[in-house]
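Computed from a predicted structure; not experimentally measured.
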Amino acid sequence: MNAHRANDTRYRGVRELQRTLYRAAKRSSTRRFHALYDKVYRPDVLAQAWDDVRRNRGAAGIDGQTIEEVKAYGVRRMLGEIYWELKRETYRPRPVLRVMIPKGDGRQRPLGIPTVKDRIVQAAAKRVIEPLFEADFQEFSYGFRPRRSAHDALEDVRNTVNSGCDHVVDADIKSYFDNINQDKLMLLLQLRISDRRILKLLKAWLRAGVMAEGHLESTDKGTPQGGVISPLLANIYLDYLDRMWHRHLRKTGRIVRYADDLIVLCRSERQARRAYRLLVEIFRRMGLQMNEGKTQIVDLRRGREGFDFLGFHCRRTESYRWPGKWYLTTWPRKKAMKVLRGKVRVLTGRRTLSWSVEKLLSRMNPILRGWGNYFEYGSSSASFSAIDDYVTRRLSMWLSRKHSRRSWGWQRWQSFIRRIPLVRLGRTAPGMSA
């Protein structure tokens with residue numbers, strides 16, 4: 001608590017700067033800001049940028065330098081070097097390192113990892129320019145924004161559906177981050193920024209290139225997933241869609257968007273089909289493409305169909321208190337359950353038999369706790385109980401193998417598992433706070 005208060009005091013000037021920029025942008029929707037660059041290398045802004053990067057941890061970029069190595073090198077020394085490079089305008093970003101991250105469906109997605117130094121500068125620039133665009137963003141945009149969460153987006157969906165929206169356009173943008181038109185993005189940035197040095201800095205990150213398997217690839221399109229500033233740039237680009245929809249098309253349906261995950265909630269099938277056509281046309285103007293294989297129009301009436309959004313399955317169910325009344329209900333989607341079971345299965349496999357129970361729980365409990373904290377929204381009790389049963393079975397198998405028992409020894413280990421400080425997702429079960 002004391003450290004938190006100290007940070008509040010230390011970065012009070014940064015927060016005041018952000019509030020000042022936000023209020024100025026809010027007062028005039030057409031104002032362009034020209035004196036921003038010198039604020040990026042302010043010592044307090046750089047210090048908070050370092051704290052942001054340190055908390056998020058992350059792997060090393062192409063230079064191999066880790067967070068721990070920066071600490072050993074000297075944080076003040078590193079920030080001092082960044083200060084002078086920015087002030088003298090000699091800073092040049094390095095290419096990002098491309099790594100492939102497994103997806104739940106067995107495929108892989110590319111992730112671009114900037115160097116720690118580049119992440120610090122990006123975090124500082126984000127602190128300065130984010131308030132300008134926050135003043136413009138629509139209230140139905142929730143992803144990667146201050147004081148907004150996926151649960152807020154889901155609550156918006158629930159309220160809108162329960163108010164009478166029977167059809168949903170569940171839209172998917174094909175390879176969104178890879179297909180952002182950089183020239184159009186720069187034009188959108190110039191609506192608020194006239195400082196040429198900031199614009200030059202942003203363009204340098206977009207064009208820095210990607211190092212993949214030892215080969216440097218140019219990046220004249222898209223923005224790498226993994227950069228500190230990439231989510232903000234992605235939101236700025238899709239804000240064009242949000243503004244177009246709010247000004248001219250909001251009677252067709254309500255958009256709820258979390259970064260590039262978006263749905264349109266409509267009162268009729270006719271409206272939903274029109275919304276689908278309009279999305280295709282707007283995406284075309286933006287240089288984006290609808291993934292028609294994953295985009296669908298969903299009929300929510302009386303629970304006929306459901307849709308997946310932000311890891312949850314959403315479907316109308318009939319109220320047990322008021323028969324004939326149907327309300328939107330959410331629970332973890334099957335894919336989310338499968339991914340969690342996969343993590344538990346790996347942790348309770350043969351490779352961990354040499355671990356102590358304490359070490360196993362130290363790895364498993366944070367995973368279970370984080371998953372439970374996210375999916376406690378909605379009607380997740382049945383899913384939580386199913387996960388608890390699965391974890392108990394896997395632990396029984398692991399303990400039997402560890403102690404060379406031929407069978408799982410369900411009865412043998414059940415009482416033991418009940419006594420250990422295992423996180424249990426069932427809302428009435430003990431151990432959730434373990």
Return yes when atom CZ of R270 has more than 12 non-hydrogen atoms of other residues, nucleotides or ligands closer than 6.0 Å, and no otherwise. no
What's the spacing between N56 CG and R119 CZ if we round to 0.5 Å? 8.5 Å
Here the pair of heavy atoms bringing C314 nearest to L154 is SG-CD2, 4.4 Å
Might you point out which heavy atoms bring M186 and L206 nearest each other, and give the distance in Å? SD-CD1, 4.0 Å
Does any N or O in the side chain of T295 come within less than 3.5 Å of the main-chain N or O of A171, such that one atom is a donor and the other an acceptor? no
Electrostatic pair R257-D242, nearest N-O below 4.0 angstrom: yes
Nearest 0.5 Å, what's the OG1-CG distance between T330 and D308? 11.5 Å
What's the verdict on salt bridge (Lys or Arg N to Asp or Glu O under 4.0 Å) for D52 and K126, showing C-alpha distance, side-chain angles and the deciding distance? CA-CA 11 Å; D52 294 340; K126 180 175 179 286; over 6 Å; no
Y258 and F309 aromatic centres sub-6.0 Å: no
By ring-ring contact (aromatic ring centres under 6.0 Å, His included), Y374 pairs with (sequence neighbours left out) H151, F312
From R393 atom CZ to T348 atom OG1, the distance as rounded to the nearest 0.5 Å: 11.0 Å
Residues E281, R285: salt bridge by 4.0 Å N-O rule: yes
Is the backbone N or O of G222 less than 3.5 Å from a side-chain atom of Q182, with the two atoms forming a donor-acceptor pair by type? yes
Electrostatic pair D136:R145 at N-O distance under 4.0 angstrom: no
For residues 209-220, pull every pair meeting salt bridge (charged side-chain N to carboxylate O under 4.0 Å, His left out), keeping only residues two or more places apart or in separate chains. R98-E217
Closest heavy-atom contact between W326 and E318? CE3-N, 3.4 Å
Checking R23 against E134 for the salt bridge (Lys or Arg N to Asp or Glu O under 4.0 Å) test, could you report, in this order, the C-alpha distance in whole Å, the side-chain angles of both residues, the deciding distance, and whether it holds? CA-CA 10 Å; R23 287 193 293 262; E134 269 295 315; over 6 Å; no
Test log, rule salt bridge (Lys or Arg N to Asp or Glu O under 4.0 Å), inputs R254 and E139: CA-CA 11 Å; R254 177 174 178 80; E139 46 87 22; 3.0 Å; yes
On a heavy-atom basis, the closest approach of R192 and S28 is NH1-O, 2.8 Å
Would you compute the distance between atom CG of L191 and atom CD1 of I236 and round it to the nearest 0.5 angstrom? 10.0 Å
Any side-chain heavy-atom pair from I129 and L232 closer than 4.5 angstrom? yes
For V157, run the side-chain contact (heavy atoms from CB on, under 4.5 Å) check against V168, I263, D152, N162 and tell me which one passes. I263
Just wondering, do I193 and F33 contact through their side chains at under 4.5 Å, heavy atoms? no
Verify the neighbour count for atom CZ of R274: are there more than 12 heavy atoms of other residues, nucleotides or ligands below 6.0 Å? no
Nearest heavy-atom neighbours spanning D299 and E305: N-OE1, 2.7 Å
Just by distance, no angles: are the side chains of R315 and H313 close enough, under 3.5 Å, to form a donor-acceptor pair? yes
Using only atom types and a distance under 3.5 Å, with no angle test, would you say the side chain of S385 pairs donor to acceptor with the backbone of G426? no
So, does S380 use its side chain to make a donor-acceptor pair with the main chain of S383 at under 3.5 Å? no
Work out which heavy atom in G143 is nearest to a heavy atom in N235; give both atom names and the distance. O-ND2, 2.7 Å
How many angstroms lie between OG1 in T392 and CZ in R418, if you round to the nearest 0.5 Å? 9.0 Å
How long is the straight-line distance from NZ of K221 back to CG of L185, given to the nearest 0.5 Å? 14.0 Å
Determine whether the side chains of T329 and S379 contain a donor N or O and an acceptor N or O closer than 3.5 Å. no
Within a 6.0 Å radius of atom NZ on K184, are there more than 12 heavy atoms belonging to other residues, nucleotides or ligands? yes
Quick check: does any side chain N or O of Y237 sit under 3.5 Å from a backbone N or O of M286, one acting as donor and the other as acceptor? yes
Taking 4.0 angstrom as the limit, do E269 and R273 come out as a salt bridge? yes
With salt bridge (charged side-chain N to carboxylate O under 4.0 Å, His left out) as the test, pick out the partner of D166 among R301, R267, R316, R302. R316
Does the W245 side chain pair with the main chain of G253, one donor and one acceptor, at a distance under 3.5 Å? yes
Neighbour count >12 (heavy atoms, 6.0 Å) for atom CZ, R19: yes
